[in-house]
Amino acid sequence: MGPATDEDVRTWTSALGLPGLVDVHTHFLPPPVMTKVRAQFDAAGPLIGRPWPLHYRDTDEALVEVLRSLGVARFTALPYAHRPGMADWLNDWAAGFAARVPEAAVCGTFYPEESASSYVAERLASVEVFKVHVQVGGFDVTDPLLDEAWGLVAEAGTPVVLHAGSGPVATTHTGPAPVATLLARHPRLRLVIAHAGAPEYAEFLALAERHEQVVLDTTMAFTDFFSEMGGVYPDELLPRLRDLGLAGKVLLGSDFPNIPYPYARQLEALERLDLGDDWLRAVCWHNGHALVGPAPIG
């Protein structure tokens, strides 16, 4: 059985023979932005579509300590822009956050605007993970304003955590078709498909199988809460999901702290898939470690 509570997480990872966890999908944002994000969850806003009572709500410092207490050795900030002129300000903040928190990967974002390729080019030497959020941003990944930026990111090999699935609420530009078009243009893109692509699980799984650099993250997928919105993950896909995980192409994500349940529930959901301890070890540590590397020493 997986960990029943957050207090059980370290015991669970130790039993797997792991030194901890690598979580590629956590969120830390500038306080004014996080306040607005939390208000959207509290109000069950239009892109959320259902009550979403946040389980964790505290300062960045306190939330980092929660992750440390869980044994999360490496995690992300994943800022995302939803209007022009916002992305590079978020990038500055995320760089400062990573400088203060050694376990945090340096993260960045970009948005369809004339300056996108310019500020992406300036960040490529430092950013370890980009985040692009199609649902919140309300744009098509194939927008011509992004084409040069995508090309730069593909050439650099910097991973991009991409929320393009239609969960929890579909919008005009969500779904696998635009992502397939994007990959046809930039086949070397290193995409991390957030939420395993929910609810288009099969389509995004197929993209990960077809494209060497495309992987899935587990964020909220497989939990009972998310199954009510994204649909239950189809049993017939599980053997292929197992193969992908063992091939390094499924990574642990959580959406911490913006989740409506304890952190342990995501891990319990992964255990419940019954895909084996080797798969859990790959997903919860080795695959994410390969993506973002170890935390700096000192």
When you check the side-chain N and O atoms of [X] and [Y], is any donor under 3.5 Å from an acceptor?
X    : Y    : answer
E113 : Y119 : yes
D147 : H186 : yes
W12  : E271 : yes
D217 : H25  : yes
S254 : D23  : yes
E200 : S166 : yes

To the nearest 0.5 Å, tell me how far [X] [atom1] sits from [Y] [atom2].
X    : Y    : atom1 : atom2 : result
M34  : R38  : CE    : CZ    : 5.0 Å
D140 : L145 : CG    : CG    : 11.5 Å
W279 : L246 : CH2   : CG    : 9.0 Å
F222 : L267 : CZ    : CG    : 12.5 Å
L252 : C284 : CG    : SG    : 5.0 Å
I193 : L162 : CD1   : CG    : 5.0 Å

Side-chain heavy-atom pair [X], [Y] within 4.5 angstrom cut-off:
X    : Y    : value
Y233 : L238 : yes
F130 : P159 : no
M220 : F225 : yes
L205 : L244 : yes
V160 : V192 : no
V129 : V161 : yes
V33  : W89  : yes
V214 : L183 : yes

Check your understanding: Would H195 and H163 count as a close aromatic pair, with their ring centres under 6.0 Å?
Key -> yes
Exercise for review: Kindly say whether the aromatic ring centers of W93 and F28 come within a distance under 6.0 Å.
Suggested key: no
Practice item. Determine, stepwise, if the pair R188 / E155 fulfils salt bridge (Lys or Arg N to Asp or Glu O under 4.0 Å). Key: CA-CA 7 Å; R188 295 165 58 194; E155 184 176 354; over 6 Å; no
Point to revise | Residue pairs involving residues 124-136 (criterion salt bridge (Lys or Arg N to Asp or Glu O under 4.0 Å); sequence neighbours excluded) | key: R74-E128
**Study point:** R210 and L207: CA distance, side-chain angles, deciding distance, side chain to side chain contact (heavy atoms under 4.5 Å, CB included) verdict
**Key:** CA-CA 5 Å; R210 289 201 303 270; L207 284 178; 3.1 Å; yes
Keeping [X] on the side-chain end and [Y] on the backbone end, is there a donor-acceptor pair under 3.5 Å?
X    : Y    : value
Y56  : Y263 : yes
W150 : V141 : yes
R185 : T142 : yes
Q135 : G165 : no
R10  : L70  : no
T174 : A170 : no
N91  : T109 : yes
S115 : S118 : no
R190 : Q213 : no
S14  : T11  : no

Does the distance from a Lys or Arg side-chain N to an Asp or Glu carboxylate O, for [X] and [Y], drop under 4.0 Å?
X    : Y    : answer
R123 : D88  : yes
R265 : D6   : no
R240 : E209 : yes

For [X] versus [Y], what's the shortest heavy-atom pair and its separation?
X    : Y    : value
R242 : L275 : NE-O, 3.1 Å
F139 : H173 : O-CB, 3.2 Å
Q266 : G253 : OE1-O, 3.1 Å
L54  : P257 : CD2-O, 4.5 Å
G288 : V24  : CA-CG1, 4.1 Å
K249 : L251 : C-CD1, 4.1 Å

Practice item. Determine the interplanar angle of the Y80 and H133 rings, folded into 0 to 90°, and report it as parallel if under 30°, tilted if 30 to 60°, perpendicular if over 60°. Key: tilted
Can [Y] be reached from [X] by stepping across I, L, V, M, F, W or Y side chains whose heavy atoms are under 4.5 Å apart?
X    : Y    : result
V169 : F41  : no
L237 : F226 : yes
L16  : W285 : yes

Tell me, yes or no, whether the heavy-atom count around [X] atom [atom1], taken from other residues, nucleotides or ligands under 6.0 Å, exceeds 12.
X    : atom1 : result
E212 : CD    : no
E236 : CD    : yes
R272 : CZ    : yes

Exercise for review: Go through W52 and D42 one step at a time and tell me if the side chain to side chain contact (heavy atoms under 4.5 Å, CB included) criterion holds.
Suggested key: CA-CA 7 Å; W52 196 295; D42 290 342; over 6 Å; no
**Study point:** CA sep, side-chain torsions, deciding dist, call: T26, D255, side chain to side chain contact (heavy atoms under 4.5 Å, CB included)
**Key:** CA-CA 5 Å; T26 62; D255 241 352; over 6 Å; no
Review point. Which is it for V250 and T218 under the side chain to side chain contact (heavy atoms under 4.5 Å, CB included) test, yes or no, and what are the steps along the way?
Key: CA-CA 7 Å; V250 180; T218 68; 3.8 Å; yes
